[in-house]
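See below for the structure under consideration.
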Amino acid sequence: MTKPANKSYLLATMHGLLGVGAIVGGLMLMIDPSGSLLNMPVSLLENSPFSHFFIPGMILLLVLGVVPIVVCIALLKRSHWSLAEKLNLYSDRHWAWTFSLYTGYALLVWIFAQVYFIQSVTPIHLFYFAWGLGIQIVTLLPETQRGYAK
């Protein structure tokens, strides 16, 4: 494999920060499913399939917390993981590069779902929407793609 591109450090940092924040937020929602630890009224879930924040917290923890941390580490270490390789749609790239795209899409879907269910857009939605787009952009930069080519 080729040497990591400079942008890979930026990308790894983006995933690491996303992951840490989502783990903290997800744990807080799971510990207190009423949302009061985060000053989130359960009424935000009126138009959603959820009656409390436990399941959304678990999804946040796993999909936008644990996965980005794993991707962050893999972007830096280029570790081999046969299961991830089986789920890699781009066999000419390291699986961590592909999972970076997956994570960016997951973040965008998460924000779209939040906006749909609460029927409102807040600055935090715009921030994380931009974060998801940023992950996609940095992942798709030619320099980054070259850095993760097999």
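Remember, it's a predicted structure, so these values are computed and weren't measured experimentally.
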How about Phe112 and Phe129: do any of their side-chain heavy atoms sit closer than 4.5 Å?
yes

Quick check: does any side chain N or O of Thr139 sit under 3.5 Å from a backbone N or O of Ile135, one acting as donor and the other as acceptor?
yes

To the nearest 0.5 Å, atom CZ of Phe127 lies from atom CD1 of Ile124 at 6.5 Å

Would you say Ser82 and His80 make side-chain contact, with heavy atoms under 4.5 Å?
yes

Group every Ile, Leu, Val, Met, Phe, Trp and Tyr by side-chain heavy-atom contacts under 4.5 Å, then state whether Ile31 and Leu61 land in the same group.
yes

Look at the side-chain heavy atoms of Ile, Leu, Val, Met, Phe, Trp and Tyr, link any pair under 4.5 Å apart, and say whether Leu101 and Ile137 land in one connected group.
no

Judged by atom type as modelled, is there a donor-acceptor pair below 3.5 Å linking the side chain of Trp81 to the main-chain atoms of Trp95?
no

Donor-acceptor contact present, side-chain His94 to main-chain Gly147, <3.5 Å
no

Can you check whether Arg93's main-chain N or O pairs, donor with acceptor, with Asn88's side chain at less than 3.5 Å?
yes

Supply the atom-to-atom distance Trp110 CH2 to Leu64 CG, rounded to the nearest 0.5 angstrom.
6.5 Å

With a 4.5 Å limit on heavy-atom distance, are the side chains of Met14 and Leu10 in contact?
yes

I need the Ser120 OG to Asn47 CG distance, nearest 0.5 Å.
11.5 Å

Which heavy atom of Trp97 sits nearest a heavy atom of Gln145, and at what distance?
CZ2-CG, 3.5 Å

Using modelled atom types and a 3.5 Å cut-off, is there a donor and acceptor pairing between side-chain atoms of His125 and backbone atoms of Thr122?
yes

Between CD1 of Ile118 and OG of Ser43, what distance do you get to the nearest 0.5 Å?
10.0 Å

Of all the heavy-atom pairs spanning Gln136 and Leu108, show the shortest one and how long it is.
CG-CD1, 4.5 Å

Do you reckon Trp131 sits in the same ILVMFWY cluster as Leu133, going by side-chain contacts under 4.5 Å, direct or chained?
yes

Are Val67 and Leu62 close enough that some pair of their side-chain heavy atoms sits under 4.5 Å apart?
no

Gly26 and Leu60 have their tightest heavy-atom pair at N-CD2, 3.5 Å

Under a 4.5 Å side-chain heavy-atom rule over Ile, Leu, Val, Met, Phe, Trp and Tyr, are Leu126 and Tyr116 clustered together?
no

Could you pull out the closest heavy-atom pair between Tyr9 and Leu76, with the gap in Å?
CD2-CD2, 3.5 Å

After noting the C-alpha distance and the side-chain angles of Leu45 and Phe117, does the key distance pass the side-chain contact (heavy atoms from CB on, under 4.5 Å) rule?
CA-CA 7 Å; Leu45 298 174; Phe117 288 132; over 6 Å; no

Heavy-atom closest pair (Leu18 atom, Thr103 atom, distance to 0.1 Å) is CD2-CG2, 4.0 Å

Atom pair CG (Leu27) and CG (Asp32), whose distance is rounded to the nearest 0.5 Å
12.5 Å

Ile23 and Leu37: same hydrophobic cluster, using ILVMFWY side-chain contacts below 4.5 Å?
yes

Output the distance between atom CE (Met28) and atom OG (Ser36), rounded to the nearest 0.5 Å.
9.0 Å

Would you check if Val70 and Phe99 make a side-chain contact, meaning some heavy-atom pair closer than 4.5 Å?
no

Does a side chain donor of either His15 or Ser100 reach within less than 3.5 Å of an acceptor in the other side chain?
yes

Would Tyr105 and Tyr102 count as a ring pair (Phe, Tyr, Trp, His ring centres under 6.0 Å) if you check the C-alpha gap in whole Å, the side-chain angles of each, and the deciding distance to 0.1 Å?
CA-CA 5 Å; Tyr105 289 130; Tyr102 297 164; 7.8 Å; no

Quick one: closest heavy-atom pair of Leu44 and Phe53, and the distance?
CB-CZ, 4.4 Å

Do the side chain of Tyr148 and the main chain of Leu75 share a donor and acceptor less than 3.5 angstrom apart?
yes

